[in-house]
Each structure stands twice: as C-alpha cells, then as structure tokens.
Number of protein chains: 2
Amino acid sequence: MIQQTARHGRERVHRTSSDPTRERIVAAAIDLFSERSFEGASTRELAARAGVAQPLLNYHFRSKDDLWRAAVDQLFAEMTQALDVRTAEVVADGDVAGAKAVIREFICFSARRPQLHRMITQESKADGPRMDYLVDRHVRPVYERTAQIMGTLVKAGAVPDIPVEHLYYIITGAGPTMFVHGPECRRLTSLDPTDDAVIQAHADAVCLLLFGPHVTTTTK
Amino acid sequence: MIQQTARHGRERVHRTSSDPTRERIVAAAIDLFSERSFEGASTRELAARAGVAQPLLNYHFRSKDDLWRAAVDQLFAEMTQALDVRTAEVVADGDVAGAKAVIREFICFSARRPQLHRMITQESKADGPRMDYLVDRHVRPVYERTAQIMGTLVKAGAVPDIPVEHLYYIITGAGPTMFVHGPECRRLTSLDPTDDAVIQAHADAVCLLLFGPHVTTTTK
DNA sequence: CAAGAGTCTGATCAATTGATAAAACAATCT
DNA sequence: AGATTGTTTTATCAATTGATCAGACTCTTG
C-alpha cells in the first residue's frame with residue numbers, strides 16, 4: 001500500500017523546532033508510563049491526560065512503543081543536561097569535590113524526576129526490546145561514566161574500597177529509592193519526599209555514608 | 001442468586017493444608033507479576049506459565065486482584081521467615097552484631113527473591129487499592145522493625161548518625177537494587193547477580209558503608 | 001476568496017482482556 | 001456398580017486494547 005497515515009510518510013519537517021502538542025503528549029507519557037508501566041498505561045488515558053483525542057498519539061508517534069521511547073529520551077536528556085553542568089568541572093580525574101557534587105546533583109535530580117528511575121526499573125527486570133533500547137542507548141553511557149568517576153574516587157581514597165559495579169548499584173539504589181517510592185514514603189514515614197529539606201537531608205545521608213563526615217555543601 | 005462458582009460459596013476447606021495446583025499458580029503469579037507488573041501480566045499467560053487452563057485461576061482465586069494478594073502474601077511470608085531466624089537473636093536492643101546479621105540476611109534474601117522488591121516498587125509509586133494492601137498489611141511492620149533496629153544501631157554509635165527514615169530507604173535501595181535490576185546488571189557489568197560470590201560481595205559493600213571496616217562475617 | 005498542506009477528531013477495526021457458564025473429568029464413599 | 005463432591009477444561013461473554021481511516025478543522029499562501 002502506498003498511502004500511509006499523513007505524518008509517517010515523510011519524516012517530520014520540524015519547522016519550528018518545538019511542537020507544544022507533541023510536548024504535552026510526551027509529558028503525559030512520562031507521568032503515566034512511569035506510574036503504570038508500559039502495558040498498564042492505555043493510549044486512551046495517555047491521550048486524556050494530554051487533553052487530546054486518542055488517535056492523535058498515532059499521528060505524532062508511529063506507535064505506543066515509539067511514544068515510550070520519546071518519553072525515555074526526554075527524561076535522559078533532562079538528566080544529562082542537569083549532570084553535565086556539574087560533570088564539566090570533574091573532567092580532570094582528580095577532582096574529588098566535583099565528583100561529590102555530581103552525586104549530590106544526581107540525587108536531587110532523582111527527587112525532581114523520579115519517573116526516570118521508575119521507567120528504568122520497570123524494564124530492567126526482564127529482557128525485551130524496550131530494555132535493549134534503554135540500556136544500549138541511555139543507561140550504559142551513564143554507567144560507564146559513573147564507574148569512571150567512582151573509580152577515581154576509590155583510587156583517591158575518598159570513598160571506601162568497593163568495586164565500582166557495586167558502588168553503581170549502591171548509589172542508584174540508595175539515592176533515588178526514597179523518591180521513587182514517594183507516595184509510599186509519605187504514608188510510611190512522616191517525611192515529604194518532595195520537600196527540599198528532605199531531599200537535601202537524603203543527599204547528606206548518602207554522602208555521609210560514601211565520603212564520611214565532612215562539611216556539607218548544599219546543592220541547588 | 002444463590003449459586004456461586006463452585007469454590008467461593010463456602011470458604012476453602014483447607015483439608016490437606018497444601019494444594020499443589022494452587023501453589024504452582026501462586027509461584028507463576030510471583031514470577032509474572034514481578035516481571036510484567038499487575039496490568040502487564042495477563043491471566044492467560046499466568047495460567048500458561050502454571051501449566052493450567054486460564055479459567056482455573058478464577059476457580060482458585062476470586063479475581064486477578066485476589067491472586068496478586070496471594071502472591072504478595074507468599075513473598076512476605078518467605079521474607080518474614082528468613083529474617084525471623086536472625087531477628088530472634090536481636091530482640092535485646094543492644095545486639096549490634098545481630099542487627100548486622102539481619103541486614104546481611106535481608107540483602108541475601110533480596111538477591112534470592114528480587115520479585116518482592118519489584119512488586120513493592122510497582123505499587124509504591126501511586127496510591128491505589130494494591131498499595132493500601134501492601135503498605136498496611138506488609139510493608140509498615142517491616143519498616144517499623146527496621147526503624148527500631150537502625151535506631152538502636154545509631155544510638156550505639158555502630159552506624160553514622162542518619163535519621164532512621166533515610167536509613168530505611170538507603171538500605172532498601174542500596175541492598176536490593178542490583179538484584180532487582182538483575183538482567184540489566186548482567187548486561188551492564190560483567191557480574192552475575194545470581195552468583196553467591198557477587199551477592200556476598202554486595203552485602204560486604206553495603207555493610208562496609210554502614211558499619212565501617214570490620215572482619216566480614218559470611219551469611220548463609 | 002479558494003487551494004492545499006498540516007493538525008486533529010469521531011467512528012470503527014481485529015485482537016486481547018478478565019470473567020463466567022456449562023460441561024467433562026477425577027476421586028471418594030455407599 | 002451409582003451418586004456425590006471437588007477439580008479442571010472448552011466455549012463464550014462484554015469490555016477494553018492499540019491502531020487505522022476518512023473526514024473535519026485550522027492555518028498559511030496564492
């Protein structure tokens with residue numbers, strides 16, 4: 001068949017570089033996918049949350065999978081941007097204070113955007129095309145960089161001598177979990193995981209364990 | 001209407017205290033729910049994995065929700081059993097070594113049964129009836145006990161001075177995450193998260209951060 | 001204004017969902 | 001043997017799923 005649905009025939013023209021409707025859909029997708037997982041989020045509810053009709057999703061995106069990828073891309077773009085600001089200062093391999101700042105920024109970002117870790121967790125537990133995309137495209141670079149940073153910290157004696165693989169999962173576990181479990185945390189404890197004081201306290205706690213007692217530097 | 005589907009009319013007789021078919025279904029439910037989330041696991045695939053016809057699920061369980069609860073109950077029963085063996089020794093509030101053993105056991109259990117943390121994470125990110133069940137019935141008691149144990153450790157100076165709420169999420173994050181992300185971990189690193197040496201190394205790492213350098217006591 | 005490209009919606013598709021009904025099978029007891 | 005109770009399956013239900021199509025709406029441009 002020659003005819004395809006309007007859009008997908010020729011690739012997006014990308015005239016104004018930003019499409020507000022498309023962005024609203026991606027924003028809704030980030031929220032709903034991270035809450036309900038890929039299968040649990042129906043295209044109807046997705047569309048409703050974005051305030052559009054359901055078939056519009058298939059106009060802006062080839063498929064539900066395609067929308068999911070757009071959501072993941074958006075989240076990682078945000079994280080990369082948030083961390084690069086800090087990472088720029090750490091390029092030199094010895095900058096322990098800078099590395100510490102990056103870790104704090106990572107935790108703060110996780111609190112601001114727990115959706116990212118939720119979507120990673122949802123796909124990390126069983127192989128599949130979405131995990132392929134996630135790992136190959138996004139997670140591995142983050143892991144490589146983290147491993148490198150942590151390696152220099154260990155070498156510098158700033159952090160206990162633990163294999164970087166374990167440090168990676170300790171940091172990506174201990175940091176975001178409180179915020180990934182936000183609603184549960186609010187019920188279980190009396191803490192509000194969206195409160196900036198709580199976020200800073202958590203970053204303090206993780207850094208205290210990793211780096212030992214220090215003067216606390218507040219991030220953002 | 002008087003007639004109900006065979007089983008649900010009168011409550012289960014529980015004659016032999018164990019029903020192999022029911023257990024196979026629950027086992028399949030634990031695996032599939034934890035992999036694919038509640039909505040993502042279809043009753044057809046559930047039944048296929050248990051090797052039975054699909055309507056049999058509704059014979060043994062009132063609904064899909066009911067089966068989910070049975071799966072959660074089973075997982076928490078296993079954890080309680082695994083931890084109680086250790087916790088029994090710690091009742092006395094000062095037993096630091098015992099508390100440490102409990103934490104190691106918790107990590108080992110998380111490696112053996114990552115499904116538990118997967119199911120918790122899936123429901124902890126948005127309120128709903130399943131989160132009600134999970135938190136009220138299972139998670140809160142675990143949290144209370146953990147908070148109490150960690151409180152005594154902090155008081156004894158065995159662990160850095162961090163509020164117990166944060167310690168809870170640090171432990172439940174840093175401990176299980178590597179195993180919850182098992183398949184991803186295998187791709188990302190060269191470690192096999194089901195390998196006992198890796199599990200012990202991870203427990204060592206977490207304990208090193210929490211308790212500082214010590215002679216390592218191997219658990220199980 | 002008319003034309004046409006781009007954006008959006010209502011109606012509808014086949015496929016899959018959780019659940020039910022009725023009937024087949026199995027086991028025990030008389 | 002026949003009857004009864006408990007277990008399992010085949011066939012089917014209405015509802016929901018992701019996706020498609022044709023048409024309506026909005027723009028700009030001629």
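What's counted below: heavy atoms across the whole structure, side chains too, no hydrogens, waters or symmetry copies. The sequence lines fix the lettering, A, B, ..., with proteins before strands; numbering per chain opens at 1.
Listed by residue number, the members of residues 33-47 of chain B with any heavy atom below 4.0 angstrom from DNA chain C are B:Ala41, B:Ser42, B:Thr43, B:Arg44. Within residues 118-131 of chain B, no residue has any heavy atom under 4.0 Å from DNA chain C.
Each of A:Thr152, A:Leu153, A:Ile149 was compared with A:Val159 under the side-chain contact (heavy atoms from CB on, under 4.5 Å) criterion, and only A:Leu153 meets it.
Across every non-hydrogen atom of A:Ala70 and A:Phe61, the tightest pair is CB-CE2, 3.7 Å.
One finds a salt bridge joining B:Glu45 and B:Arg36 here, because a Lys/Arg side-chain nitrogen approaches an Asp/Glu carboxylate oxygen to under 4.0 Å. For B:Asp73 and B:Arg69, the salt-bridge test fails: no basic side-chain N is under 4.0 Å from an acidic carboxylate O. Under the 4.0 Å criterion applied to side-chain N and carboxylate O atoms, A:Arg130 and A:Glu39 are assigned as salt-bridge partners. B:Glu35 has a carboxylate O that lies under 4.0 Å from a charged side-chain N of B:Arg49, or vice versa, which qualifies the two as a salt bridge. Ion pairing between B:Arg137 and B:Asp132 fails under the 4.0 Å rule for side-chain N and carboxylate O.
At whole-Å resolution of the value, CZ in A:Arg22 and P in C:dT7 are 11 Å apart. Counting to the nearest Å, the C1' atom of D:dT9 and the CG atom of B:Leu57 are 12 Å from each other. Distance A:Asp19 CG to C:dC8 P: 7 Å, rounded to the nearest Å. For B:Gln54 and C:dA22, the CD to P distance is 17 Å, given to the nearest whole Å. The nearest whole Å value for the distance from the CG atom in B:Leu56 to the P atom in D:dG6 is 15 Å. What separates CZ of A:Phe61 from P of D:dT20 is a distance of 15 Å, to the nearest Å.
Ring pair A:His138/A:Tyr133 is perpendicular by interplanar angle, where above 60° counts as perpendicular and below 30° as parallel. Note on ring orientation: taking the six-membered ring where Trp is involved, the planes of B:Phe33 and B:Phe38 are parallel (angle under 30°, cut-offs 30° and 60°).
Across the helix from C:dC1-D:dG30 to C:dT30-D:dA1, the helix axis at one end is tilted relative to the axis at the other end by 10° (nearest 10 degrees, each axis from five pairs).
OP1 or OP2 of D:dT7 has at least one side-chain nitrogen or oxygen of B:Tyr59 nearer than 4.0 Å.
Closest contact between the side chain of A:Ser63 and the listed nucleotides C:dT9, D:dA19, C:dA19 involves D:dA19. Listed nucleotides: D:dT20, D:dT9, C:dC8. Nearest to the side chain of A:Asn58: D:dT20. Comparing D:dA19, C:dC8, C:dG18 by their nearest atom to the side chain of B:Lys64 picks out C:dG18.
Within a 6.0 Å radius of CZ in A:Arg145, no more than 12 heavy atoms belonging to other residues, nucleotides or ligands are found.
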B:Glu184 and A:Tyr169: side-chain hydrogen bond (donor to acceptor under 3.5 Å, both in side chains), yes or no, with the steps?
CA-CA 11 Å; B:Glu184 178 211 75; A:Tyr169 282 105; 2.7 Å; yes

